Amino acid sequence: VQLVESGGGLVQAGGSLRLSCTTSGFTPDDYAIGWFRQAPGKEREGVSYLHSSVSFTYYADSVKGRFTVSSDAAKNTVYLQMNSLKPEDTAIYYCAAGRLGRGLWRRWTNDHEYDYWGQGTQVTVSS
């Protein structure tokens, strides 16, 4: 099983980035994908959740209206489009896969509910 994030980088406040999470080794329809981030000295926090087969999404309040999660099934890739970026969005961003059927959507921000993780990609937003 592999999840590989890409698309991070350095951007000015107000700018945009699109992160990608390409998956392999498991059946995508059996899993939801969560995006998390961890800033220095802070706990990892849930950013977004996608159950792609039913287009079911959740967002943290801090990113609602600015971030959009989507997927391309043909490419086994989940995207996180991040607009109107703020310096407080600076963090390492991770994607994670959690098996469905356990009520994951009720606890989507709990990183312990996820089975597989990517290596992370750094996002830095300058002021």
Side-chain angles (χ1 to χ4, degrees):
V1 173
Q2 272 195 317
L3 292 87
V4 179
E5 300 98 336
S6 61
L10 173 63
V11 64
Q12 288 188 332
S16 298
L17 284 173
R18 189 178 77 161
L19 305 184
S20 300
C21 173
T22 301
T23 68
S24 61
F26 61 88
T27 304
D29 284 350
D30 292 339
Y31 288 80
I33 298 295
W35 282 97
F36 289 78
R37 66 186 181 186
Q38 188 165 23
K42 294 188 177 181
E43 293 188 354
R44 189 156 54 187
E45 64 169 339
V47 173
S48 182
Y49 171 91
L50 173 67
H51 178 174
S52 58
S53 60
V54 293
S55 298
F56 193 62
T57 60
Y58 280 120
Y59 296 94
D61 288 343
S62 58
V63 306
K64 278 181 184 175
R66 300 188 298 121
F67 290 12
T68 303
V69 65
S70 63
S71 66
D72 184 335
K75 296 182 179 180
N76 282 345
T77 299
V78 175
Y79 302 99
L80 185 67
Q81 178 66 44
M82 306 186 296
N83 299 329
S84 302
L85 282 162
K86 305 174 181 180
E88 51 263 43
D89 295 317
T90 295
I92 299 174
Y93 283 70
Y94 301 88
C95 62
R99 180 173 283 278
L100 294 165
R102 304 173 296 173
L104 175 59
W105 63 273
R106 295 187 182 95
R107 300 178 294 276
W108 73 270
T109 60
N110 186 342
D111 57 4
H112 297 294
E113 296 287 340
Y114 293 81
D115 301 286
Y116 307 110
W117 289 82
Q119 82 288 351
T121 186
Q122 176 70 47
V123 171
T124 302
V125 183
S126 63
S127 57

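Remember, it's a predicted structure, so these values are computed and weren't measured experimentally. Positions are given from 1, in the same order as the sequence printed here.
Screening residues 97-127 for disulfide (SG to SG under 2.5 Å) gives no qualifying pairs among residues at least two apart or on separate chains. Residue pairs meeting the disulfide (SG to SG under 2.5 Å) criterion with at least one partner in residues 43-78, sequence neighbours excluded, are absent. Sorted by first and then second residue, the salt bridge (Lys or Arg N to Asp or Glu O under 4.0 Å) pairs involving residues 115-127 (not counting sequence neighbours) are R102-D115. Applying the disulfide (SG to SG under 2.5 Å) test to residues at least two apart or on different chains, none of the pairs has a partner in residues 98-127. Residues in residues 67-78 take part in these side-chain hydrogen bond (donor to acceptor under 3.5 Å, both in side chains) pairs, two or more places apart or across chains: T22-T77.
Looking only at distances, a side-chain donor or acceptor of S48 sits under 3.5 Å from a matching main-chain atom of Y58.
Every side-chain hydrogen bond (donor to acceptor under 3.5 Å, both in side chains) that N83 has, sequence neighbours left out, goes to S16, Q81. For R106, the salt bridge (Lys or Arg N to Asp or Glu O under 4.0 Å) criterion is met by no residue, not counting sequence neighbours. Not a single side-chain hydrogen bond (donor to acceptor under 3.5 Å, both in side chains) links Q2 to another residue, sequence neighbours left out. For the salt bridge (Lys or Arg N to Asp or Glu O under 4.0 Å) test, no residue two or more places apart in sequence or in another chain qualifies with E5. Every ring-ring contact (aromatic ring centres under 6.0 Å, His included) that W117 has, sequence neighbours left out, goes to F36. The side-chain hydrogen bond (donor to acceptor under 3.5 Å, both in side chains) test applied to R18 returns no partner, not counting sequence neighbours.
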Using residues 91-100 as the side-chain source, report each donor-acceptor pair under 3.5 Å to any protein atom, sequence neighbours left out, with the distance given to one decimal.
| from | atom 1 | to | atom 2 | distance (Å) |
| --- | --- | --- | --- | --- |
| Y93 | OH | R37 | NH1 | 2.9 |
| Y93 | OH | D89 | O | 2.6 |
| R99 | NH2 | Y31 | OH | 3.1 |

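The closest side-chain heavy-atom distance from Q12 to L85 is not below 4.5 Å. Using a 4.5 Å heavy-atom cutoff, the side chains of F26 and L3 are in contact. Side-chain contact between Y114 and L104 is present, with heavy atoms from C-beta onward closer than 4.5 Å. You'll find the side chain of F67 reaches within 4.5 Å of the side chain of L80, heavy atoms only.
In terms of hydrophobic clustering, with Ile, Leu, Val, Met, Phe, Trp and Tyr side chains grouped at heavy-atom distances under 4.5 Å, M82 and V125 are assigned to a common cluster. Residues Y79 and Y49 fall into different hydrophobic clusters, defined by Ile, Leu, Val, Met, Phe, Trp and Tyr side chains chained together at heavy-atom separations under 4.5 Å. The hydrophobic cluster containing Y59 also contains V47, counting ILVMFWY residues as joined when their side-chain heavy atoms lie under 4.5 angstrom apart, directly or transitively. Placement of Y116 and L19 within a single hydrophobic cluster is found when ILVMFWY residues are connected by side-chain heavy-atom separations under 4.5 Å, directly or transitively. Hydrophobic clustering, with ILVMFWY side chains joined whenever heavy atoms are under 4.5 angstrom apart, keeps W105 apart from V78.
Contact record, S127 with A13: CA-CB, 4.4 Å, taken as the closest heavy-atom pair. A pairwise comparison of heavy atoms in Q38 and R44 identifies NE2-N, 3.8 Å as the closest pair.
Between the OG atom of S52 and the CG atom of D29 there is a distance of 6.0 Å, given to the nearest 0.5 Å. Note: W35 CH2 to W108 CH2 = 13.0 Å, rounded to the nearest 0.5 Å. Interatomic distance, L50 CG to F56 CZ, rounded to the nearest 0.5 Å: 10.5 Å.
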**Item:** Evaluation steps, side-chain contact (heavy atoms from CB on, under 4.5 Å), between T90 and Q122
**Value:** CA-CA 8 Å; T90 295; Q122 176 70 47; 4.1 Å; yes
